[in-house]
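Single-structure report; data block below.
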Amino acid sequence: MSDLTMWFEATGALAGAGGLGYAKHRAPRLYWSTVGLPLTWGRFTWSYASTMEVCGLTVQPSGFRAFMTRNLSRREVRPVPPKVRRVRPSSTGLRITLRLPAGLEPADVATSSERLRHAFGVQSVTVAETRPGYVELRMTGYDVLRRVRLPRSAQPRGLVVPVALREDGSVFERDYRAVPMALTLGANQSGKSVYQRNLVKGLAQLPVGLVGIDCKRGVEHSRYAPRLSALATDPDMAGRLIDALVLEMSERFDLLALHGVSDVWDLPAKLRPVPLIVLIDEVAELFFVTSKKEEAARDRTVMQLVRLGQMARAVGIYLEVCGQRFGSDLGRGATALRAQLTGRVVHRVNDKQTAEMGLGDIAPDAVTAATSIRADRPGVAVAGDTSGGWSRIRTPETTPAEAAAVCRDFAHLTPELPFLAPFRPPVSTAADHRPTAGDPAALTEGGEDSCSARSASTPCSSRP
């Protein structure tokens, strides 16, 4: 009987261990809440003082405190670590507020974040200054970027679009009023297009005008046509569209001057022009020329784009620039334009110089993080801004069909802007996309010209 009992106990222990292992990989949020959180909290509480001392995050106590410790407590005077003010558990990690003693600054704690990560056995540790003298350690218990799923509460609003998930479990949002101009870089198959799709999917649901510039004949942006107010598909058309935007910017400045305000958001709602988001895909195509006679048009287009980057924020026109590489090697005006693009998102790149182009001038320590992104993690990127802060993010998987469907569903929000009428893309109906006989698309989409419907006398290998 005792042997049978021991057998059941051993079987139960093995089943429990197997269940925990399964939960750790397939349901990491559940595993963290039930097992990982208590273990990490206990490890933090038990080893906090010694870990801070080893990491060099302690200071010598004041003379009064040293006197009281020596003479009243009869204890050895030891260095003082930051005082723990608050510990908040979450479904993805721990958030710990520390009061820094005199002599320490937030940069000291941030420098030791990697050592703290290993000491406390968590996935990542990021440091954020909450107010003078206080920092927050944001510990992530598991790899939240492995399977990205934005919370349901993350919905587009105002000019804010939730785009990705940060490695600390918080939502990365693209706020056009806080960061009006942005640059996104990434090599082929790095997830840059998925980032753009998530952005378009969110922007399509907002009362804004979307302007697309896609000099690859519109292969990326043409599917968003129902929601676009304008689309340029070649450099010549892009130059004329940018000229129209600069003229609109001038007219909006006249409107601001007429009402004695300096920002479009200071105007009454009934007089406020619609915000415009200019989405530029593969910006290098605006810089490249094949002959000498094209240089003058190229220089004009680039300078007009720089003018938009410098001044358009005040009148509600925002730039979203994407490319594989972006720097002085593109040509005249490239560096001037990059200087106006406050937000930076860098996906996996092919060389360190590209990462330095995107992040080196605003967050030098983020360059290493950008060059260490693995090829098997598409969508992972490093997001930074001119404040010097940065974080790893990853966008959820969004297919072109999903983004296009949202654009069709919210096509009624597309504003009627007369100055963009010459650039309004034609909108195809559902019938226009229906496969027809002889259409190659029908061969792969189950149309009537599929292989199964063809005559037995006409083998599939004889397709034209």
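Start at 1 with the first residue, then count along the sequence. On a predicted model such as this, the values are computed, not experimentally measured, just so you know. Values reported hereafter were calculated over all heavy atoms of this structure, with side chains retained and with hydrogens, waters and symmetry mates removed.
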What do you reckon, is [atom1] of [X] surrounded by more than 12 foreign heavy atoms closer than 6.0 Å?
X: Arg332; atom1: CZ; answer: no
X: Arg88; atom1: CZ; answer: yes
X: Gln155; atom1: CD; answer: yes
X: Arg99; atom1: CZ; answer: yes

Nearest 0.5 Å please: distance from the [atom1] atom of [X] over to the [atom2] atom of [Y].
X: Arg95; Y: Thr130; atom1: CZ; atom2: OG1; value: 11.0 Å
X: Leu276; Y: Leu417; atom1: CG; atom2: CG; value: 6.0 Å
X: Cys407; Y: Glu402; atom1: SG; atom2: CD; value: 12.0 Å
X: Gln324; Y: Asn188; atom1: CD; atom2: CG; value: 4.0 Å

Taking all non-hydrogen atoms of both residues, which atom of [X] and which atom of [Y] are closest, and how far apart?
X: Pro207; Y: Val274; answer: O-CG2, 3.7 Å
X: Pro226; Y: Arg408; answer: CG-CG, 3.8 Å
X: Leu145; Y: Leu165; answer: CD2-O, 3.3 Å
X: Pro162; Y: Leu150; answer: O-CD1, 4.2 Å
X: Thr414; Y: Arg424; answer: CG2-NH2, 3.4 Å
X: Phe410; Y: Ala204; answer: CB-O, 3.3 Å

Geometric cation-pi criterion Arg117 and Phe120, 6.0 Å radius, 45° cone: no

Find out whether the Lys NZ or Arg CZ of Arg131 is both under 6.0 angstrom from the six-membered ring centre of Tyr134 and within 45° of the ring's axis.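 The answer is yes, since Arg131 meets both limits relative to Tyr134.
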
Quick one: do [X] and [Y] make a salt bridge, cutoff under 4.0 Å?
X: Arg272; Y: Asp266; result: no
X: Glu397; Y: Arg147; result: no
X: Arg174; Y: Glu320; result: yes
X: Asp263; Y: Arg313; result: yes
X: Glu220; Y: Arg197; result: no
X: Lys216; Y: Asp281; result: yes

Worked verdict on Arg325 versus Glu282 for salt bridge (charged side-chain N to carboxylate O under 4.0 Å, His left out): CA-CA 9 Å; Arg325 283 180 59 86; Glu282 205 54 67; over 6 Å; no

Does any N or O in the side chain of [X] come within less than 3.5 Å of the main-chain N or O of [Y], such that one atom is a donor and the other an acceptor?
X: Ser113; Y: Ala110; answer: yes
X: Arg227; Y: Ala411; answer: no
X: Arg392; Y: Val382; answer: no
X: Asp214; Y: Val219; answer: yes

Aromatic ring pairing Tyr195/Phe172, orientation class (parallel under 30°, perpendicular over 60°, tilted between):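 Aromatic pair Tyr195/Phe172 classed tilted.
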
Could you check if a side-chain atom of Val380 sits within less than 4.5 angstrom of a side-chain atom of Ser190, using non-hydrogen atoms only? no

